[in-house]
Visitor: 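What follows is a structure written as structure tokens; I'll ask about it next.
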Amino acid sequence: MGVTDPVLERNRESERDGQERNKESESDDQETEEGEVMEEENRKKNEEEEVRDIEKGKVGVGEKVVQERNTNDELEGDFHVSMLQRLNPTNPLRIVINGSTRAAAPSPSQAYAPSSQPRSTPTPQQSLTTLNSTKYTNKISLFLFVLHLVVAVGLVGFLLFRGVQGLLQANSNIKRKEKRLLQFFLPQVEAASLLSITLAFSWQKAVREWPKFMIHFVLWSTFFLSLSAGILLICFQKPPTDGVGVCLIAFAIGNGLYACWVSHRTGFCSKILIKSLDPVSKFPDLNEPTYWMLGVGFIWMSIWILAVVGALNFYFPPLIIIALVLSLAWTAEVMRNVANVTVSRVIALYYLRGMQSSTQFCFQRALTRNLGSACLGSLFVPAIEALRIVARALNLLEGEDEFMFSCAHCCLKVMHTIFRYGNGWAYVQIAAYGKGFVKASQDTWELFEREEMEAIVDSDITSAICFLTGVCSGSICVIVAAAWTAKVHQPFTATISLLVFFIGYLMTRIAMALPHACVSCYFVCYAENPKNRMFDNTIKDRLSLMKVDREAVVPTPRVPRRFTR
């Protein structure tokens, strides 16, 4: 028993060792089987992802297909081979995934054959025009306007000082003159400024509420009001007032003829004005930039009037007053175009992208990044509009006189060139895309030419309606101020009449920036995308009518075709 016990113990230990080794081998087998299963599952997932990527056509940045298969059979065969032999690193049909770029390798025959063509590089995608440009446009004109503004503020402040100094320290002659101005000149002009801002709000509100009626009303009320103002000034029987009165009567006659000439355009203008004002209700604060500009304009004009009084106590008063008038005209025009650019961006993004833009953000862009274009356009667009009127008048005389015919031909060619490089429609693309004034003018006119809309935009009378509302306000201010001045101090009547007409016109023009910008956006955005669902067939039907019967519309005179061939 003692001998066999160790033997039994050794046998039992050997059996236990054998069982442990069997368990370890079984666990190793299980681990290898699990690893193979997981590896197989990962392989299948990768293959399924590749199949989905190829079916969906997903590509990485800058990817370009190296070779295109000729038939569907070759594509299927290569695809199956790549799936079966994917794990072989020497397989030429593998799919190489490197970072975010995924491309198919060439076939074996192509892999080892010398390439006869150089490898093509991916072509860069065409850059899209951004709607959030951060560049400052027309920096030179912006610098000139800011410099002019600094000089104007300094000059006005200095003239105010000279006016106060004249009242306190000057001799009796200058004191008497300035007191007479403060008593008989300043009240009428300040009252006219207050009346003009009231009329500005009234005209804009009326045009927005009753656009169809207001077009006819503005055309004919301008005729009667300017005629009445001219007759009133002539009744004073003074040479200065007679000269101003004759100018107003001549303008009234021309306005009456113009109202008769454009009577067939009023229907279409009413339709466009009604449709273009529809988006305004979606932006309750859209008029706030106009209110700000009118408020700043009223304050600046009130101070400016005091500076005119102080100019009489300085050297060369006539030259100083002319410089002040030109500065006020440019400043007021820039204010109007700032409101124009603000409204244009809000409405243009609504038409082009269906976006509800922030009016405050658009106003900030107009006062900063797009201010240079507004300054440059404020210098050129009024001159272009004046040239447009001259070209229309000369075109009526074409063929009657040889000299007038040559002048008309020359002016029409100049206007044709100017309209391409500078026009009032450019503010829409300035606001939307942040372009410079000249570039925006060119691109806008190219859009009109592409859609054959030159005649229809030439015949638009919205800008004329906005201009005539300013004339109406100026004429009303002249009637009120002239009657008041003739009662208290008649020698100032002609001067005050000119000044209040100018102030009334400028204030109303600022207010009418909103409807003018809405109409401009309607035309320009339609030309950019005529298939936009926000536009109906109004412009399309009008173009069709003009092509069928061109005598139904008398467009703005342009260079005759016989001279452009």
Side-chain angles (χ1 to χ4, degrees), residues 143-198 238-241 243-244 292-335 375 378 474 477-478 480-507 510:
F143 171 76
L144 292 177
F145 177 75
V146 173
L147 179 63
H148 142 266
L149 203 59
V150 172
V151 174
V153 171
L155 179 61
V156 168
F158 175 74
L159 293 176
L160 288 176
F161 168 75
R162 294 289 294 187
V164 175
Q165 187 182 36
L167 288 173
L168 298 178
Q169 300 178 0
N171 55 38
S172 59
N173 188 18
I174 294 178
K175 285 183 179 180
R176 185 168 56 253
K177 184 186 298 184
E178 290 195 4
K179 287 181 179 180
R180 188 167 64 247
L181 288 173
L182 293 176
Q183 183 178 1
F184 302 117
F185 179 87
L186 189 62
Q188 294 92 305
V189 180
E190 291 289 354
S193 299
L194 184 60
L195 177 61
S196 65
I197 193 172
T198 305
K238 297 290 182 179
T241 57
V244 179
W292 279 104
M293 291 294 101
L294 284 173
V296 173
F298 175 74
I299 295 172
W300 177 246
M301 287 181 185
S302 301
I303 300 174
W304 180 87
I305 293 166
L306 295 174
V308 172
V309 177
L312 298 176
N313 192 21
F314 194 58
Y315 302 105
F316 308 109
L319 295 179
I320 297 297
I321 293 175
I322 291 174
L324 288 174
V325 168
L326 294 177
S327 172
L328 179 63
W330 192 16
T331 305
E333 190 69 14
V334 170
M335 290 180 181
C375 298
S378 300
C477 292
V478 167
V480 174
W484 184 356
T485 308
K487 184 69 175 177
V488 296
H489 194 73
Q490 194 170 3
F492 287 164
T493 305
T495 304
I496 290 178
S497 298
L498 287 174
L499 190 57
V500 298
F501 180 87
F502 186 61
I503 293 174
Y505 169 80
L506 292 178
M507 294 295 286
I510 293 174

Visitor: Could you pull out the closest heavy-atom pair between Y315 and I320, with the gap in Å?
Guide: O-CG1, 3.6 Å
Visitor: So which heavy atom on A329 is nearest to which on F502, and how close?
Guide: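 Taking A329 first and F502 second, the nearest heavy atoms are CB-CZ, 3.7 Å.
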Visitor: Do the side chains of K238 and T493 get nearer than 4.5 Å, heavy atoms only?
Guide: no
Visitor: Check whether any side-chain heavy atom of V244 lies under 4.5 Å from a side-chain heavy atom of F501, and answer yes or no.
Guide: no
Visitor: Can you tell me how far CD1 of I503 sits from CD1 of I496, rounded to the nearest 0.5 angstrom?
Guide: 10.5 Å
Visitor: Quick one, L324 with L159, criterion side chain to side chain contact (heavy atoms under 4.5 Å, CB included). Give me CA distance, side-chain angles, the key distance, then yes/no.
Guide: CA-CA 11 Å; L324 288 174; L159 293 176; 3.8 Å; yes
Visitor: Taking the side chain as every heavy atom from C-beta outward, state whether L186 and L306 have any atom pair closer than 4.5 Å.
Guide: yes
Visitor: Tell me, do V500 and Q188 make a side-chain contact under 4.5 Å, heavy atoms counted?
Guide: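 A side-chain contact under 4.5 Å is absent here.
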Visitor: Search all heavy atoms of W330 against all heavy atoms of C375 and return the closest pair with its distance.
Guide: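 Shortest heavy-atom separation between W330 and C375 comes out as NE1-O, 3.3 Å.
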Visitor: For side chain to side chain contact (heavy atoms under 4.5 Å, CB included), just list the numbers for L149 and F145, CA-CA rounded to whole Å, side-chain angles, deciding distance to a tenth of an Å, and then say yes or no.
Guide: CA-CA 6 Å; L149 203 59; F145 177 75; 4.1 Å; yes
Visitor: Using 0.5 Å steps for rounding, measure from the CG atom of L294 to the OG1 atom of T198.
Guide: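 Here the interatomic distance stands at 10.5 Å.
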Visitor: Can you find a pair of side-chain heavy atoms, one from S193 and one from M507, that are under 4.5 Å apart?
Guide: no
Visitor: What's the spacing between Y505 OH and I510 CD1 if we round to 0.5 Å?
Guide: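 Reported to 0.5 Å precision, the distance equals 11.0 Å.
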Visitor: In this structure, are over 12 heavy atoms from other groups packed under 6.0 Å from W292 atom CH2?
Guide: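 Check fails, neighbour count at 12 or below.
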Visitor: For E178, give me all partners under salt bridge (Lys or Arg N to Asp or Glu O under 4.0 Å), at least two apart in sequence or on another chain.
Guide: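 With sequence neighbours excluded, E178 shows a salt bridge (Lys or Arg N to Asp or Glu O under 4.0 Å) to no residue whatsoever.
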Visitor: Using the six-membered ring wherever Trp is involved, compare the ring planes of H489 and F184 and label them parallel, tilted or perpendicular (cut-offs 30° and 60°).
Guide: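 Because their plane-to-plane angle is under 30°, the rings of H489 and F184 count as parallel.
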Visitor: Nearest 0.5 Å, please: how far is CE in M335 from CG in L328?
Guide: 8.5 Å
Visitor: Of all the heavy-atom pairs spanning A482 and S497, show the shortest one and how long it is.
Guide: CB-OG, 3.7 Å
Visitor: Sort and list the pairs that fulfil ring pair (Phe, Tyr, Trp, His ring centres under 6.0 Å) and have at least one residue in residues 293-313, not counting sequence neighbours.
Guide: none
Visitor: Could you pull out all residues at least two apart from T331 that satisfy side chain to side chain donor-acceptor pair (under 3.5 Å)?
Guide: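 T331 satisfies side chain to side chain donor-acceptor pair (under 3.5 Å) with no other residue.
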Visitor: Indicate the atoms forming the closest heavy-atom contact of L499 with F185, along with that distance.
Guide: CD2-CZ, 3.5 Å
